[in-house]
Amino acid sequence: MYVKVTDAPYFAKGDGITNDREAIQKAIDDVYAAGGGTVELDAYKTFLSSGIIIRSGVELHFGERAILHQTDKRDEYVKPSGNGYEPYLPMLGHNWSETIKWSHCWYKNYPLIFAPEGSKNFKITGKGTIRMMEVTDPEKIIKICPIGFYRCSDFEISDIHITNYHSYALMPFTSTGGLFKNLIIDNWSYGNGDGICLMNCRDIRITGCNMFTGDDSIYIFSSYCDPRRSEWWNSDEPQASMNIEIDHNDLRSNHCKAFGMILWGIGCPDLEKVEVRNVYVHDNHIETLGNWLYNPYSTKKGNPPVTSVRFENNVIDGIEINFFETVISDMTHFRSMAEFENTEFVNGLCFWAMNKNKSDDCLGSFRRPDTEGGSYAYMKDFDKGDVRLYQGVYITTQYSHTFRAKLHAPGSGIRMFVRKTDTDEMIASKVVKSDELTDFTLEFTVPEDGNYRVGFENVDNADNLVKINYAWLGNHERAMDYKEVISDNGKLIFKANDALFDRNLHRNQLKMYWFTKNDLPEMPLPEGYSFSNYKDISDRKKWAACIWEDHDGNIDEERWQSEIINFTDITPEEDMWFLDYNGEHIGTATSFVYKSSGIGDMHWVGIRKDFRGRGLSKYLSYIVQKSLKDRGVPYVSLTTGEGRPAAVKSYLTAGFIPVEYAEGMVKRWEAVLENYNIESVEMVDENANPLPPVFRASKAGK
C-alpha cells in the first residue's frame with residue numbers, strides 16, 4: 001500500500017504552521033492495518049509534528065527536501081497507549097534529576113519518531129530532513145530524540161538529514177538487525193548532541209554517514225540497570241553488543257569522541273550479556289577515537305568484556321589514551337590486551353574469541369559450581385567442521401612464555417596453539433589428550449612483537465567433547481607504551497607521531513565556565529598598550545608568536561587553518577583580538593559565539609614570551625569576558641591544561657569555575673587546588689548545572 005499524507009482522507013497541510021501529526025499518524029496506521037507499505041511526506045513541504053509512532057512493515061519516506069519539524073507546543077504531544085494514543089506532557093529543560101548524573105530529559109520523553117517495543121521491518125528513508133524545534137529559552141525547550149526505539153528488529157534508517165537537534169540524534173536501544181545508511185547529522189543545538197547511540201544492539205551496520213556532532217558521533221554502549229530508564233526503555237535485561245560494522249563514514253565531534261565505546265555494563269551479574277563482540281571498523285575518517293571506562297552508576301570494578309575488534313583502512317586524527325587502556329581481546333591493527341582474562345570461565349566465554357562450525361552448540365560454557373572442577377568451557381561437534389576457542393593478546397620477544405591449561409580431552413584430544421593474528425601462521429602447537437582433568441603446558445617464544453591468538457582447536461573431525469577448566473598465559477608485559485604507526489600495504493591507518501601516545505597530552509583538557517550574570521569590574525587598559533583586531537594573513541605569524549614559545553613566529557599551518565580559518569563559528573576580523581605594544585602584536589585572544597548553542601568561548605589566549613609575567617593575560621581575559629557578556633551569551637567556556645599553571649590560576653581568579661565533563665575531572669581539580677593552595681571552588685556539569693563543590697586534595701580525602 002502507498003499513500004501520500006496530503007491526499008484524501010488525510011489532508012496534511014505541509015505548511016509548516018499546522019500540526020500535521022494526526023494526518024501523518026492516521027496514514028501510518030492505515031498502511032499498517034493493510035499489511036504494510038509506504039507513507040510519503042510530500043516533497044518540498046514542511047510538516048509540523050509533535051510525535052509520530054511508526055509501525056511494523058511501514059516505510060515512512062521523505063520526498064525531496066520534505067521537512068518534518070518538531071513543534072514547540074507542549075500540549076500537542078501524545079504517547080502510545082494500547083492500540084491507540086493518549087496525550088502526555090513531555091519534560092522541559094535539559095536534565096530531570098539533580099541526583100542522577102546525565103539524566104537528560106530525552107531519556108524520559110518519547111522520540112519524535114518512535115517505534116513501539118517489538119516493532120520490526122520498518123523503514124525511515126528519503127531525501128528529506130528532520131528538524132528539531134528552535135531554542136529560545138533553554139528551560140522551556142522540549143528535548144526529544146529525533147528517532148528512537150527499544151527492542152525492535154530488522155529496520156532501516158537511510159538518506160535522512162537530521163539537524164538543529166539538541167539530544168542524541170538516534171537512540172536504537174537493545175535492538176537487532178538494523179541499517180543506518182547515508183545519513184547526515186549536523187548543527188546540534190543546545191546541550192549534548194551525540195549522533196548514534198548503539199546501546200546493547202547487535203547485527204547493526206552504519207555506512208556512508210556524514211556527522212559533525214556536538215558530542216560523541218557513534219558509540220557502542222554496553223549498559224546495565226541504567227537509572228535513567230523510562231516507561232519506553234530500560235537496560236535491566238541487556239543483550240550483548242555484537243556483530244557491528246561501521247564503514248565509509250566521515251565522523252567529527254565538537255568536543256568528544258567521533259567513535260568509541262561506553263563500557264558501563266560491569267555491574268551485570270552475567271557479563272556475557274554486556275560484552276562488546278565482533279566489531280568491524282573500516283574505511284572511515286574518525287576525528288577522535290576513545291572509550292569511556294568509568295561507570296558512574298556502579299561501584300563494581302573490573303575489566304568490561306570486549307572481544308574481537310577489527311580496525312582497517314581508517315584515517316584517525318587523534319586517539320585518547322583511554323582507548324589503549326581498554327582491555328580488548330583479539331584486536332586487529334592495534335595492540336590487543338596484554339594478559340589473559342576470564343581464565344576460569346566464571347564469566348562464560350567473555351574475552352574468548354570463537355570460530356564456530358555448522359553446529360550452534362559447538363562452543364559453550366557451564367558456570368555451575370557443582371559441576372566437575374567448577375566452571376568450564378566446552379568444545380564439541382568436530383564432525384561438523386573446525387572449531388577454535390582463543391584469546392587475542394599482545395606478546396613480545398623479550399621473554400619466553402607459558403600457555404597452561406587444565407582440560408579433559410579424550411579420544412584424539414585437542415590442539416593447544418599460538419598463531420599470528422594477521423597471517424594465522426602457526427607459531428607453536430601441541431596436541432594433548434587425557435581421559436580426566438589434567439594440567440598441560442605449551443612453552444613458546446614469538447619471532448616478533450605483535451598480536452597473537454592463543455587457544456585451542458580440534459585435531460580432526462571426530463565427534464568429541466573437550467572440557468577446559470582453566471587457561472592461563474604467563475610471563476607477560478603490559479602493552480600500554482604503544483608507539484607504532486601501523487600501515488596496511490602502505491596505506492596509512494591513522495595519523496600519528498610520538499606525541500599521540502603521550503599520556504599527559506592526551507588526557508581531556510580542563511574545562512571552565514564563566515557566567516555572564518556575574519559582575520565584571522572594569523579593568524583599565526595597561527599604560528602604553530592598545531588593542532586591534534585581526535586584519536589579514538600578515539597577522540598570522542604574530543599570532544603564532546603569541547601562542548607558541550618560539551617568538552620568531554614559526555607556525556603550524558594545519559593548526560592555523562583548523563583552529564581559526566576553517567572554524568565555522570569564528571570570523572577572524574570580528575573575533576580575534578590583539579594586544580599591541582609600540583605597534584607590535586604581543587598578545588592575542590579569540591572570543592566567539594557557537595552559532596548552534598549561543599554559548600561563548602574563549603579560544604587561543606596567549607602572551608608573547610618576552611612580555612609574560614606582567615599580568616597582561618588578565619586584561620586579555622577581561623576583554624574577552626566583557627565582549628561576550630555584551631553579546632548576551634549565558635556563559636563563556638574555555639579549555640586549558642595543568643601544564644599551564646599560571647593560566648589556570650588566572651582563570652580561577654577571573655571567576656571561571658571547573659566543569660566535570662569527562663571521567664577523572666574531580667580528582668584532577670582536587671590536585672590543581674592543592675597545588676595552588678585553594679580550599680575549594682564551585683563546579684558545574686557540561687550543561688552548566690551546579691554540582692557539589694570540589695575541594696583541594698588534602699581536604700577532599702578527609
Side-chain angles (χ1 to χ4, degrees), residues 4-5 12 14-16 20-21 24 38-52 54 59-72 106 111-115 122-135 142-149 155-172 178-198 205-218 246-254 258-259 284-285 287 568-569 594-597:
K4 280 191 174 183
V5 298
D15 56 11
D20 287 316
R21 187 202 65 80
I24 298 170
T38 300
V39 173
E40 179 157 347
L41 302 180
D42 299 53
Y44 303 101
K45 289 185 176 293
T46 297
F47 299 90
L48 194 67
S49 183
S50 48
I52 293 168
I54 196 166
E59 176 180 357
L60 180 62
H61 183 77
F62 287 64
E64 185 79 19
R65 297 189 183 180
I67 298 174
L68 184 68
H69 194 180
Q70 178 199 0
T71 182
D72 60 0
W106 59 81
L112 182 64
I113 301 178
F114 174 67
F122 60 88
K123 296 181 180 181
I124 302 168
T125 65
K127 298 295 184 180
T129 296
I130 298 174
R131 183 178 183 86
M132 307 308 285
M133 67 176 283
E134 307 301 325
V135 179
I142 303 170
K143 290 197 168 191
I144 61 176
C145 172
I147 301 174
F149 41 87
F155 54 87
E156 176 183 334
I157 318 292
S158 61
D159 300 307
I160 297 296
H161 177 204
I162 297 175
T163 191
N164 200 49
Y165 67 107
H166 29 69
S167 66
Y168 304 162
L170 292 116
M171 297 169 66
L179 173 65
F180 299 91
K181 182 179 179 182
N182 298 337
L183 302 176
I184 298 174
I185 300 175
D186 62 12
N187 193 31
W188 73 97
S189 187
Y190 180 79
N192 296 69
D194 294 55
I196 303 177
C197 172
L198 296 178
R205 185 183 181 195
I206 303 174
T207 183
C209 298
N210 189 318
M211 303 187 196
F212 184 24
T213 60
D215 212 294
D216 304 314
S217 298
I218 296 175
I246 298 169
D247 66 283
H248 296 93
N249 303 288
D250 186 1
L251 306 177
R252 294 172 293 151
S253 169
N254 180 49
F259 171 68
N284 302 283
H285 169 232
E287 187 179 57
T568 56
D569 290 326
Y594 285 106
K595 295 181 176 65
S596 61
S597 65

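Worth saying up front: this structure is predicted, and the values here are computed from it rather than measured. Every heavy atom of this structure was used, including side-chain atoms; hydrogens, water molecules and symmetry mates were not. Throughout, residue positions are numbered sequentially from 1 according to the sequence presented.
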Legend entry - Side-chain donor/acceptor of Asp194 to backbone N/O of Asp215, under 3.5 Å: no

Inset, instruction - Evaluate the side-chain contact (heavy atoms from CB on, under 4.5 Å) criterion for residues Leu112 and Ile52: first the C-alpha distance (whole Å), next the side-chain angles of each, then the deciding distance (0.1 Å), finally the verdict. - result: CA-CA 6 Å; Leu112 182 64; Ile52 293 168; 6.0 Å; no

Inset, instruction - Measure the shortest side-chain to side-chain distance between Thr213 and Ser253 over non-hydrogen atoms and say whether it is less than 4.5 angstrom. - result: yes

Inset, instruction - Sequence neighbours left out, what passes side-chain hydrogen bond (donor to acceptor under 3.5 Å, both in side chains) with His248? Give chain and number order. - result: none

Legend entry - side-chain contact (heavy atoms from CB on, under 4.5 Å) between Asp159 and Phe62, intermediate numbers included: CA-CA 9 Å; Asp159 300 307; Phe62 287 64; over 6 Å; no

Inset, instruction - Output the distance between atom CD1 (Ile185) and atom CD1 (Ile218), rounded to the nearest 0.5 Å. - result: 7.5 Å

Inset, instruction - Using atom types as modelled and distance alone, determine if a side-chain donor or acceptor of Thr125 lies under 3.5 Å from a backbone N or O of His61. - result: no

Inset, instruction - Dump the intermediate steps for side-chain contact (heavy atoms from CB on, under 4.5 Å) on Phe259 and Ile246, then the final yes or no. - result: CA-CA 10 Å; Phe259 171 68; Ile246 298 169; 3.2 Å; yes

Legend entry - Heavy-atom donor-acceptor pair, Gln70 side chain to Ile142 backbone, under 3.5 Å: yes

Inset, instruction - Mind listing the closest non-hydrogen atom pair of Ala66 and Asp42 along with its distance? - result: CB-O, 3.2 Å

Inset, instruction - Locate the shortest heavy-atom distance separating His69 from Glu134; write the atom from each residue and the value. - result: NE2-OE2, 4.0 Å

Legend entry - Non-hydrogen atoms of Ala169 and Cys145 that approach each other most closely: O-SG, 3.6 Å

Legend entry - side chain to side chain contact (heavy atoms under 4.5 Å, CB included) partner of His161, the single match among Ile130, Ile67, Asp186, Asn187: Asp186

Inset, instruction - Indicate yes or no for a side-chain donor-acceptor contact from Asn249 to the backbone of Ile206 under 3.5 Å, with no hydrogens or angles considered. - result: yes

Legend entry - side chain to side chain contact (heavy atoms under 4.5 Å, CB included) partner of Met211, chosen from Ile196, Ile184, Ile162: Ile196

Inset, instruction - Please state whether the rings of Phe155 and Phe122 are parallel, tilted or perpendicular, taking 30° and 60° as the class boundaries. - result: parallel

Legend entry - Pair Arg205-Lys181, side-chain contact (heavy atoms from CB on, under 4.5 Å): steps then yes or no: CA-CA 8 Å; Arg205 185 183 181 195; Lys181 182 179 179 182; over 6 Å; no

Legend entry - For Ile147 against Pro111, the heavy-atom pair lying closest together: C-CB, 4.1 Å

Legend entry - Exercise: do Asp20 and Ser49 side chains pair donor with acceptor under 3.5 Å: no

